[in-house]
Amino acid sequence: AQSVTQPDIHITVSEGASLELRCNYSYGATPYLFWYVQSPGQGLQLLLKYFSGDTLVQGIKGFEAEFKRSQSSFNLRKPSVHWSDAAEYFCAVGSNTNAGKSTFGDGTTLTVKP
Amino acid sequence: NAGVTQTPKFQVLKTGQSMTLQCAQDMNHNSMYWYRQDPGMGLRLIYYSASEGTTDKGEVPNGYNVSRLNKREFSLRLESAAPSQTSVYFCASSEAHRGGEQYFGPGTRLTVT
């Protein structure tokens, strides 16, 4: 069965500092991996995705993530955080079978200090 | 394109009342999903539908029913609401062949008193 772990429930960074949010997954084959962002009071929006190929993927809003098969990780990074990045971030592992169901992590809440 | 739309945005029910949450997508996706989101518990899948006319239970289906009315619409019904169903409900859609990349609606905030 597939699973996703986001070890950090809450992270606080200063505006302009770099950010790394951790994600570990468990999946039998090559995974489909996603990061979503949820701003307060809104639905989830796709930030970036990994299907295959280059292990460093670029997303919207200046985010990137690196797939490391040996560590079963898909960590999200941003070199310089903006106050508007404060949100909840979800990592997910998907599938192209079984109706495309995804398994989501419990989320990491990012607070940005001025 | 509107993407995924949900109605209503907010709802307050008394215990025992019933209601239907509506969801529609205009992306021609085959798969649709209903999730609930509670503080500290992430997203939990209630029901999903792989195609028009099919539905399947997710992690937390008790107390809910669904209808995949057509390819666009997927509704969630609470027959007899309970305080434990106070939550934020999200509908999503995807194409399975794209690895389950999901598009979410804005959510319905439901309070059961």
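All chains are named by letter (A, B, ...) in the order of the sequence lines, taking the proteins before the strands, and each is independently numbered beginning at 1.
Of the atoms belonging to A/Gln45, not a single heavy atom falls under 4.5 Å from chain B. For A/Lys49, the part lying under 4.5 angstrom from a heavy atom of chain B is the side chain only. B/Tyr35 touches chain A through its side chain: at least one heavy atom from C-beta onward sits under 4.5 Å away, while N, CA, C and O do not. Looking at A/Leu44, both its backbone and its side chain come within 4.5 Å of chain B, counting heavy atoms on both sides.
The hydrophobic clustering, which links ILVMFWY residues whose side-chain heavy atoms are closer than 4.5 Å, places B/Phe104 and B/Leu110 apart. Placement of A/Val112 and A/Val37 within a single hydrophobic cluster is found when ILVMFWY residues are connected by side-chain heavy-atom separations under 4.5 Å, directly or transitively. Residues B/Tyr64 and B/Val88 fall into different hydrophobic clusters, defined by Ile, Leu, Val, Met, Phe, Trp and Tyr side chains chained together at heavy-atom separations under 4.5 Å. When the side chains of ILVMFWY residues are joined at heavy-atom separations under 4.5 Å, either directly or via intervening members, A/Phe74 and A/Tyr89 end up in a single hydrophobic cluster. Side-chain heavy atoms closer than 4.5 Å link hydrophobic residues (I, L, V, M, F, W, Y) into clusters, and following such links, even through other members, never connects B/Tyr103 to B/Phe74.
Residue-environment remark: CD1 (A/Ile60) exceeds the threshold of 12 foreign heavy atoms within 6.0 Å. Atom CZ of B/Arg44 sits in a crowded spot, with more than 12 heavy atoms from other residues, nucleotides or ligands closer than 6.0 Å.
Contact record, B/Glu101 with A/Phe51: OE1-CZ, 4.1 Å, taken as the closest heavy-atom pair. In plain terms, the two heavy atoms of B/Phe90 and A/Gln38 that are nearest each other are CZ-NE2, 3.3 Å.
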Derivation of the side-chain contact (heavy atoms from CB on, under 4.5 Å) call for A/Phe104 and B/Gln37: CA-CA 11 Å; A/Phe104 289 82; B/Gln37 185 178 36; over 6 Å; no

Worked verdict on B/Gln102 versus A/Tyr36 for side-chain contact (heavy atoms from CB on, under 4.5 Å): CA-CA 9 Å; B/Gln102 299 196 5; A/Tyr36 294 87; 3.6 Å; yes

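With respect to chain B, the highest number of heavy-atom pairs below 4.5 Å among A/Ser102, A/Gly105, A/Gly41, A/Pro31 belongs to A/Ser102. Chosen from B/Asn30, B/Leu43, B/Asp56, B/Leu45, the residue pairing most often with chain A at heavy-atom distances under 4.5 Å is B/Leu43.
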